[in-house]
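A short worksheet on the structure shown next.
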Amino acid sequence: EPKQHPLWLNQIEEWKARFPLRYQAGEDQIPCGYVLEELSRATEGKAIVTTDVGQHQMWASLFYKSVRPRGFLSSGGLGTMGFGFPAAIGAQFGCPEETVLAIVGDGGFQMTFQEIGVAVEHHLPVKIALMHNGYLGMVRQWQELFFQRRYSATRLAGQPDFVKLMDAYGAVGFRATRKEEVSEVIAKGLMVEDGPCLMEFCVAPEENVMPMIPSGGTVHQMMTADPKLAITQG
């Protein structure tokens, strides 16, 4: 029979009140957490979500409020960049009537974006939410916080125009460059039904995902805020 754990659940609620989730980006930038909140709101948390690997994977777990069992597909800690979009294609094949949302970064997406052709060929309405920050974000975050911003091989130069890339495959893409455009792009993307659709969000380039525990650290050494920015609460 179901167990009751009121003391533990009350403790969790107390921690949530003391340490609420916050956006770690400047006010003139699009925070990734905000995008994920809007995606969660627009889909009512009912989409089948797949993630790639990196910062967006962490933000998705924090800000997308999934309400369905077996509806959040991720490679976990395996670090399998490129996993998110092909996983979404598989989920859409398996559940053709469901909304399937692939949350990806510009690094991992470029490892498997050729599968756009598969989605187009089979008219799979996969929604691709691309968090475009121009970096391999998770590695960049560690280089910033622990190696004095000695960035090495994390800046992604020479990237394609992702909206034009979708057009080249005969698919549809929309782009948001300002916070006020996010909800409109999501609404347009969710309306596409005859094939894949890209929703590209040009998010804050150097936003850090928090909380995090430094390598070799303990829970008591958890970092809860980006030291370089004033915090705007989400």
Side-chain donor-acceptor distances from residues 76-103 under 3.5 Å, at least two apart:
{"residue": "Q92", "atom": "NE2", "partner": "C95", "partner atom": "O", "Å": "3.2"}
{"residue": "Q92", "atom": "NE2", "partner": "E98", "partner atom": "O", "Å": "2.9"}
{"residue": "E98", "atom": "OE1", "partner": "R68", "partner atom": "NH1", "Å": "3.1"}

Q: Tell me, with the steps shown, if M199 and K127 meet side-chain contact (heavy atoms from CB on, under 4.5 Å).
A: CA-CA 7 Å; M199 299 174 286; K127 318 302 180 190; 3.8 Å; yes
Are the side chains of [Y] and [X] in contact, using a 4.5 Å heavy-atom criterion?
| X | Y | value |
| --- | --- | --- |
| N208 | R140 | yes |
| L36 | M131 | yes |
| P31 | Q24 | no |
| L124 | P196 | no |
| L130 | F113 | no |
| M222 | M212 | no |

Q) Which is it for D161 and R175 under the side-chain contact (heavy atoms from CB on, under 4.5 Å) test, yes or no, and what are the steps along the way? A) CA-CA 10 Å; D161 182 318; R175 177 182 294 120; 2.7 Å; yes
Are [X] and [Y] connected in the hydrophobic side-chain network, where two residues link if heavy atoms are under 4.5 Å apart?
| X | Y | value |
| --- | --- | --- |
| V185 | W59 | yes |
| L39 | L190 | yes |
| V35 | V163 | no |
| M210 | Y34 | yes |
| V182 | V192 | yes |

Q: Give a yes or no on whether a salt bridge exists between E37 and R41, defined as a side-chain N under 4.0 angstrom from a carboxylate O.
A: no
Would the distance check show the side chain of [X] and the main-chain N or O of [Y] forming a donor-acceptor pair, the cut-off being under 3.5 Å?
| X | Y | value |
| --- | --- | --- |
| K65 | L62 | yes |
| E200 | I128 | no |
| E144 | Q141 | no |
| N133 | A204 | no |
| R22 | A225 | no |

Q. Relative to each other, are the rings of Y135 and Y151 parallel, tilted or perpendicular (30° and 60° limits)?
A.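 Perpendicular, since the angle between the ring planes exceeds 60°.
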For residues 2-19, tabulate all N or O donor-acceptor pairs below 3.5 Å that involve a side-chain atom, not counting sequence neighbours.
{"residue": "N10", "atom": "ND2", "partner": "P6", "partner atom": "O", "Å": "3.1"}

For residues [X] and [Y], report the shortest heavy-atom separation together with the two atoms involved.
| X | Y | answer |
| --- | --- | --- |
| I30 | K179 | CG1-N, 3.6 Å |
| M166 | V172 | CE-O, 3.5 Å |
| G134 | D106 | N-OD2, 2.9 Å |
| F201 | A129 | CE1-CB, 4.2 Å |
| I213 | W142 | O-CH2, 4.1 Å |
| Q55 | G137 | OE1-CA, 3.2 Å |

Does a side chain donor of either [X] or [Y] reach within less than 3.5 Å of an acceptor in the other side chain?
| X | Y | value |
| --- | --- | --- |
| Y64 | T43 | yes |
| Q159 | Q110 | yes |
| D52 | Q57 | no |
| Q143 | T154 | yes |

Q: State which residues pass side chain to side chain donor-acceptor pair (under 3.5 Å) with T177; sequence neighbours excluded, sorted by chain then number.
A: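 Partners of T177 by the side chain to side chain donor-acceptor pair (under 3.5 Å) criterion, ordered by chain and then number, come out as E181.
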Q | Worked check of side-chain contact (heavy atoms from CB on, under 4.5 Å) between S215 and F146 | A | CA-CA 10 Å; S215 180; F146 307 115; over 6 Å; no
Q: Please test T50 against S74 for side-chain contact (heavy atoms from CB on, under 4.5 Å), starting from the C-alpha separation and ending with a verdict.
A: CA-CA 6 Å; T50 71; S74 181; over 6 Å; no
(Q) Rounded to the nearest 0.5 Å, what separates atom CE in M58 from atom SG in C32? (A) 12.5 Å
Q: Please round to the nearest 0.5 Å and tell me the distance separating atom SG of C197 and atom CE of M191.
A: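 The SG atom of C197 sits 10.5 Å away from the CE atom of M191.
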Q) Are the aromatic ring centres of H132 and F162 under 6.0 angstrom apart? A)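 Ring-ring flag for H132/F162: true, centres closer than 6.0 Å.
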